[in-house]
Amino acid sequence: MLQLPETPRPTKKLASLEDSYEQCRQVTADYAKTFYLGTQLMSPEKRQGVWAIYVWCRLTDELVDGPQAAFTTSETLDKWEEQLESVFAGHPVDDPDVALVDTVERFGLDIQPFRDMIAGQRMDLVRDRYETFEDLHLYCYRVAGTVGLMSAQIMGVERFCDRLQAPWSPPRVLNNPVNTINKAVDLGIANQLTNILRDVGEDARRGRIYLPLEDLAAFDYTEADLFNGVIDDRWRAFMKFQIRRARKYFAQAESGIGTLQKDARWPVWSALVLYRQILDVIEQNQYDVFTRRAYVPSRRKLMSLPLAWLKSL
Ligand SMILES: CC(C)=CCC/C(C)=C/CC/C(C)=C/CC/C(C)=C/[C@@H]1[C@@H](COP(=O)(O)OP(=O)(O)O)[C@]1(C)CC/C=C(\C)CC/C=C(\C)CCC=C(C)C
Ligand SMILES: Nc1ncnc2c1ncn2[C@@H]1O[C@H](COP(=O)(O)OP(=O)(O)OP(=O)(O)O)[C@@H](O)[C@H]1O
Ligand SMILES: [Mn+2]
């Protein structure tokens, strides 16, 4: 029987594996100084894997948040998802995909967190309000909890075995990978909640409110107040509540770090300590997230690294 030829793939000359990883390294170094610094402490394979997923996440985020966002439709995301499926089938479409295909194979990555992140970007296309914290939590899982899942698969879970047992009994694995996974998601959510608090003013200028409307109502603070950047006792109490919630997620994530492989602990502690300090800066700025952007000065970032190192021991 006549065999139909497979659909021809466009024959585009793609970057070599080495060049593709180099491009990913460069993008990570340019866009995320903190994450990049953290990856310097990992083994070469892990470091490259984190760069590859960073670039994919950044490109995905740019589709709805970047300069071309006005032209992004649900069809754009359909195409992006098809490209993702192709990568997971071992066929790169663009230069950065070459590194991602390699990382997917090397670490046996699961596609679901990647699909979930695209689903998160779809939420940005169709909604600009979140009624409850439960709604917001789903958004945070999709755009940031997923990053935790992807990174944890690359960084790897350490399997502690109980040495205080009879030599003839099978080794008892003490830590539970499910625990690590939940905590990786918690750190993503903590980061995203912090990101939302930092960017309240910027988002409001785009007509977007990520803060749960039920919380605003509970503090008797209106959308009109938010768009006018009103800072009063209601707003301060509201922000204290939100900051406490973000810190709770950071605290939950902490105990997961020690279950990661050793070379990943300092980088993750650094990321946690550095990102969490944005909350301290918001407090120092008297909760003005309307006219000031809370950021951690480089000197303070550097000073935090030894502390993160001590925690990682
Ligand atoms: C070592 C390390 C921390 C690795 C992760 C690096 C990585 C792959 C990051 C991807 C980030 C990205 C581009 C995500 C797209 C969606 C998005 C923008 C999310 C926000 C990130 C902050 O970026 P930024 O401040 O630059 O935001 P702007 O675009 O400038 O507004 C997020 C807030 C999410 C970040 C979430 C994480 C880094 C997850 C962290 C969790 C882990 C590394 C798991 C650790 C494991 C355990 C067990 C605790
Ligand atoms: N005060 C500021 N005003 C305007 N843009 C800023 C300010 N501070 C930082 N930025 C820019 O915003 C982006 C996010 O800054 P951020 O503090 O997150 O540092 P970063 O280098 O991106 O590290 P990371 O994202 O890993 O925390 C950076 O690209 C930076 O150039
Ligand atoms: Mn950034």
Side-chain angles (χ1 to χ4, degrees), residues 24 27-43 46-66 69 100 103 109 113-114 116-118 120-121 123-124 139-158 175-200 202-203 206 210 246 249-261 263-279 293-296 308 311-312:
C24 294
V27 172
T28 312
D30 289 348
Y31 277 85
K33 291 165 203 71
T34 319
F35 292 147
Y36 182 68
L37 205 68
T39 61
Q40 298 295 344
L41 311 164
M42 296 178 181
S43 73
K46 287 182 187 167
R47 182 186 307 161
Q48 289 185 321
V50 173
W51 297 336
I53 59 165
Y54 180 83
V55 169
W56 186 86
C57 293
R58 176 52 63 199
L59 289 169
T60 308
D61 185 57
E62 293 273 310
L63 286 176
V64 293
D65 241 4
L100 189 55
T103 293
L109 297 187
F114 293 81
D116 288 347
M117 182 181 284
I118 297 177
Q121 309 302 345
M123 289 171 88
D124 266 337
Y139 173 76
C140 291
Y141 159 70
R142 286 181 169 166
V143 299
T146 52
V147 181
L149 291 179
M150 298 169 195
S151 335
Q153 286 186 58
I154 289 178
M155 294 182 298
V157 178
E158 177 108 338
N175 76 321
N176 168 3
V178 173
N179 197 27
T180 306
I181 286 166
N182 288 336
K183 279 156 195 280
V185 171
D186 284 341
L187 184 52
I189 289 176
N191 284 348
Q192 190 61 32
L193 291 173
T194 302
N195 192 278
I196 286 170
L197 295 177
R198 181 192 71 185
D199 294 344
V200 168
E202 193 185 313
D203 291 331
R206 299 187 300 157
Y210 288 98
Y249 279 90
F250 279 116
Q252 278 166 203
E254 285 190 9
S255 62
I257 305 180
T259 69
L260 292 171
Q261 282 174 16
D263 63 343
R265 295 182 198 162
W266 187 13
V268 175
W269 264 114
S270 308
L272 186 151
V273 167
L274 294 175
Y275 224 81
R276 184 168 56 188
Q277 284 183 68
I278 295 175
L279 298 173
R293 189 180 199 274
Y295 75 98
V296 182
K311 284 180 181 287
S312 70

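Predicted model, so just to flag it, every value in this text is computed and none were measured. We count ligands from 1, going down the list as the structure has it; atoms in each ligand are counted the same way. Residue indices begin at 1 and follow the sequence shown.
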Novice: Heavy atom under 4.0 Å from ligand 1: found in Tyr275's side chain, backbone, both, or neither?
Specialist: side chain
Novice: Heavy-atom contacts under 4.0 Å between Asp61 and ligand 1: side chain, backbone, both, or neither?
Specialist: side chain
Novice: May I ask you to test the Met150-Ile154 pair for a side-chain heavy-atom distance under 4.5 Å?
Specialist: no
Novice: With the side chain counted from C-beta on, respond yes when Thr39 and Tyr54 share a heavy-atom pair under 4.5 Å apart, and no when they do not.
Specialist: no
Novice: Mark yes or no for whether Arg265, through its side chain, and Leu260, through its backbone, hold a donor-acceptor pair below 3.5 Å.
Specialist: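 Indeed, once roles are kept as given, a pair shorter than 3.5 Å links the two residues.
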Novice: With a 4.0 Å heavy-atom cut-off (strictly under), which part of Ala152 contacts ligand 1: side chain, backbone, both or neither?
Specialist: neither
Novice: Does the Arg142 side chain pair with the main chain of Asp116, one donor and one acceptor, at a distance under 3.5 Å?
Specialist: no
Novice: Have a look at Phe250, Trp269, Tyr54, Tyr295 and point out the one with the heavy atom closest to atom 8 (C) of ligand 1.
Specialist: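 It is Tyr54 whose heavy atom sits nearest to atom 8 (C) of ligand 1.
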Novice: Backbone, side chain, both or neither: what part of Val143 comes under 4.0 angstrom of ligand 1, heavy atoms only?
Specialist: backbone
Novice: To which of Gly145, Ala253, Ser151, Gly188 does the heavy atom nearest atom 43 (C) of ligand 1 belong?
Specialist: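 Looking at heavy atoms only, the winner is Ser151.
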Novice: Check this for me, if you would: do Arg206 and Asp65 make a salt bridge, where the nitrogen-to-carboxylate-oxygen distance has to be below 4.0 angstrom?
Specialist: yes
Novice: Give the minimum heavy-atom separation between Val147 and Cys57, together with the two atoms involved.
Specialist: CG2-SG, 4.2 Å
Novice: I need the atoms of ligand 1 closer than 4.0 Å to a non-hydrogen atom of Ala271, numbered in the order shown.
Specialist: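 So the atoms of ligand 1 that pass are 3 (C).
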Novice: Can you find a pair of side-chain heavy atoms, one from Tyr31 and one from Val55, that are under 4.5 Å apart?
Specialist: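 Tyr31 vs Val55: side chains apart.
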Novice: Check Asp199 against ligand 1 and report side chain, backbone, both or neither, counting heavy atoms closer than 4.0 Å.
Specialist: side chain
Novice: Heavy-atom contacts with Gly256 under 4.0 Å: which atoms of ligand 1 show up? List them by number with element.
Specialist: 48 (C)
Novice: Is any NZ, NE, NH1 or NH2 atom of the basic residue among Asp186 and Lys183 found under 4.0 Å from an Asp or Glu carboxylate oxygen of the other?
Specialist: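 No, no charged N to carboxylate O under 4.0 Å.
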Novice: Hey, does Gln121 come in under 3.5 Å of ligand 1, counting only N/O atoms on both sides?
Specialist: no
Novice: Numbering the atoms of ligand 1 from 1, which are under 4.0 Å from a heavy atom of Thr180?
Specialist: 48 (C)
Novice: For ligand 1, which atoms, with element, lie under 4.0 Å from some heavy atom of Ala144?
Specialist: 34 (C)
Novice: Any side-chain heavy-atom pair from Trp56 and Leu59 closer than 4.5 angstrom?
Specialist: no
Novice: Under 4.0 Å, heavy atoms only, figure out whether ligand 1 is touched by the backbone of Arg142, its side chain, both or neither.
Specialist: neither
Novice: Mark yes or no for whether Arg198, through its side chain, and Ala294, through its backbone, hold a donor-acceptor pair below 3.5 Å.
Specialist: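 Looks like no, no N/O pair under 3.5 Å.
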Novice: At under 4.0 Å between heavy atoms, is it the side chain or the backbone of Leu260 that contacts ligand 1, or both, or neither?
Specialist: side chain
Novice: Side chain, backbone, both or neither: which part of Met42 has a heavy atom under 4.0 Å from ligand 1?
Specialist: side chain
Novice: Could you tell me, atom by atom, which parts of ligand 1 come under 4.0 Å of a heavy atom of Val268?
Specialist: 45 (C)
Novice: Considering Ser270, Pro267, Gly148, which one's heavy-atom position lies nearest to atom 42 (C) of ligand 1?
Specialist: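 Ranked by closest heavy atom to atom 42 (C) of ligand 1, first place is Gly148.
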Novice: Which atoms form the tightest heavy-atom contact between Gln153 and Leu109, and what is the distance?
Specialist: OE1-CA, 3.3 Å
Novice: Could you tell me whether Arg58 and ligand 1 have an N or O pair separated by under 3.5 Å?
Specialist: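 Yes: some nitrogen or oxygen of Arg58 is under 3.5 Å from one in ligand 1.
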Novice: Going by heavy atoms in the side chains, are Asp124 and Tyr139 under 4.5 Å from each other?
Specialist: yes
Novice: Go through ligand 1 atom by atom and flag the ones less than 4.0 Å from a non-hydrogen atom of Lys183.
Specialist: 49 (C)
Novice: Which ligand 1 atoms does Ile53 reach within 4.0 Å, using its non-hydrogen atoms?
Specialist: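 Those qualifying, in numeric order: 8 (C).
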Novice: Check each atom of ligand 1 against the heavy atoms of Cys57 and keep those under 4.0 Å away; list them by number with element.
Specialist: 10 (C), 12 (C), 13 (C), 14 (C), 15 (C)
Novice: Specify whether Tyr275 and Phe35 have parallel, tilted or perpendicular ring planes, treating 30° as the upper limit for parallel and 60° as the lower limit for perpendicular.
Specialist: parallel
Novice: Please state which part of Phe35 comes within less than 4.0 Å of ligand 1, counting heavy atoms only: side chain, backbone, both or neither.
Specialist: side chain
Novice: Using heavy atoms and a 4.0 Å limit, tell me yes or no: is Met150 in contact with ligand 1?
Specialist: no
Novice: Do Gln121 and Leu63 have side chains that get closer than 4.5 Å, going by heavy atoms?
Specialist: no
